[in-house]
**Student:** 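Below is a structure I'd like to ask you about.
Counting begins at 1 with the first residue of the sequence.
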Amino acid sequence: MILQRLFPHPFLTLILWGIWLLLNNTISPGHIVLGAVLAILIPWLTSSYWPEKISIRHPWMLLLYVLRVLYEILVANAVVAKLILGPQKNLKPGFLHYELKLTSSVGIGLLANTISLTPGTVSCDLSKDRRYLLIHALHIDDVEAIKTDIHRKFEKPLLEIFVTC
């Protein structure tokens, strides 16, 4: 119980500590200690603002998800560059409503941010009932294909990773 109070989000603590060390590009004792202190304090101080307890069902799938997102960002950059450098008359920007299977705030937030991180798409709004995400796409040929891709690449793995999703 004491450990849970000290580390309300242990996985987040580890991630923050690792990111601190990576950003500072050093494993000197001072940075190890400072990173650990910040990694413990930030989740502890903000735990009352978290809407729900996050439980990761498959941590390795989370790592694979991050790698997939990084890959999709690279691919989307190439696609967007091709679209932008090509004839502007071929662009078909527009909005689409994506029906969510995720129900948790954390899952929906991660999906919306993933969509916005991927060049060519931006999450714009969440419906009041939290069932639909409004997405703007730079180029829409087939709405259903975009929805299927979002579900297959991003939402389905999030449904499997998080217990609360």
**Student:** About how many Å separate NE2 of His139 and OG1 of Thr121, when rounded to the nearest 0.5 Å?
**Tutor:** 13.5 Å
**Student:** Is there a continuous path of hydrophobic side-chain contacts, each under 4.5 Å between heavy atoms, that joins Phe154 to Met61?
**Tutor:** yes
**Student:** Scan for salt bridge (charged side-chain N to carboxylate O under 4.0 Å, His left out) pairs involving residues 60-76, sequence neighbours excluded, and state none if there are none.
**Tutor:**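 For residues 60-76: Glu72-Lys153.
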**Student:** Quick one: do Thr13 and Ile42 satisfy side-chain contact (heavy atoms from CB on, under 4.5 Å)? Show the steps, please.
**Tutor:** CA-CA 8 Å; Thr13 298; Ile42 291 170; over 6 Å; no
**Student:** Between atom CG of Leu63 and atom CH2 of Trp60, what is the distance when rounded to the nearest 0.5 Å?
**Tutor:** 6.5 Å
**Student:** Taking all atoms of both residues into account, what is the closest heavy-atom pair of His151 and Glu155, and its distance?
**Tutor:** ND1-OE1, 3.2 Å
**Student:** Report yes if the side chains of Leu102 and Leu111 come closer than 4.5 Å at any heavy-atom pair, otherwise no.
**Tutor:**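 Yes, close enough: below the 4.5 Å cut-off.
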**Student:** To the nearest 0.5 Å, tell me how far Lys147 NZ sits from Tyr98 OH.
**Tutor:** 9.5 Å
**Student:** Any side-chain heavy atom of Val122 within less than 4.5 Å of one from Ile135?
**Tutor:**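 They are not in side-chain contact.
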**Student:** Just verifying a value: how many Å separate Ile27 CD1 and Leu22 CG, rounded to the nearest 0.5 Å?
**Tutor:**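 That separation rounds to 11.0 Å.
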**Student:** Side-chain heavy atoms nearer than 4.5 Å, only ILVMFWY residues, links allowed to pass through others: does that put Val80 and Leu74 together?
**Tutor:**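 Not linked; separate clusters.
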**Student:** Is there a chain of hydrophobic side chains (I, L, V, M, F, W, Y, each step under 4.5 Å between heavy atoms) that links Ile140 to Leu138?
**Tutor:**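 No, separate clusters.
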**Student:** Side-chain contact test, heavy atoms from C-beta onward, threshold under 4.5 Å: evaluate it for Thr118 versus Val75 and give yes or no.
**Tutor:** no
**Student:** Report the C-alpha separation of Trp17 and Ile32 in whole Å, then their side-chain angles, then the decisive distance to 0.1 Å, and conclude whether the side-chain contact (heavy atoms from CB on, under 4.5 Å) test is met.
**Tutor:** CA-CA 8 Å; Trp17 189 48; Ile32 290 172; 3.6 Å; yes
**Student:** Does any donor atom in the side chain of Tyr65 or Thr114 lie under 3.5 Å from an acceptor atom in the other side chain?
**Tutor:** yes
**Student:** With side-chain contact (heavy atoms from CB on, under 4.5 Å) as the criterion, how do Leu38 and Leu16 come out once you've worked through the C-alpha distance, each side chain's angles and the decisive distance to 0.1 Å?
**Tutor:** CA-CA 8 Å; Leu38 290 172; Leu16 288 173; over 6 Å; no
**Student:** Do Val69 and Ile150 share a hydrophobic cluster (ILVMFWY, side-chain heavy atoms under 4.5 Å, transitive)?
**Tutor:**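 Both belong to a single hydrophobic cluster.
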**Student:** To the nearest 0.5 Å, what is the distance between CD1 (Ile108) and OG (Ser123)?
**Tutor:**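 Reported value, rounded in 0.5 Å steps: 11.5 Å.
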**Student:** How long is the gap from CZ on Arg131 to CG on Leu126, to the nearest 0.5 Å?
**Tutor:**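 Answer for the CZ-CG pair, Arg131 versus Leu126, is 11.5 Å.
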**Student:** Ile161 vs Leu110, test: side-chain contact (heavy atoms from CB on, under 4.5 Å). Steps then yes/no.
**Tutor:** CA-CA 12 Å; Ile161 291 168; Leu110 278 172; over 6 Å; no
**Student:** Would you call Leu133 and His97 a side-chain contact if the rule is heavy atoms closer than 4.5 Å?
**Tutor:** no
**Student:** Grab the two heavy atoms, one from Lys101 and one from Leu159, that are nearest each other, plus how far apart they are.
**Tutor:** CB-CD1, 3.9 Å
**Student:** Search all heavy atoms of Arg130 against all heavy atoms of Ser104 and return the closest pair with its distance.
**Tutor:** NH2-C, 3.6 Å
**Student:** Which word best sums up how the rings of Trp20 and His31 line up, parallel for under 30°, tilted for 30 to 60°, or perpendicular for over 60°?
**Tutor:** tilted
**Student:** Scan side-chain atoms only and decide if Ser127 and Asp129 contain a donor-acceptor pair under the 3.5 Å cut-off.
**Tutor:** yes
**Student:** State yes or no: do Ile73 and Leu62 share one hydrophobic cluster built from I, L, V, M, F, W and Y residues joined by side-chain heavy-atom distances below 4.5 Å, directly or via other members?
**Tutor:**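 Looking at the clustering, Leu62 is in the same group as Ile73.
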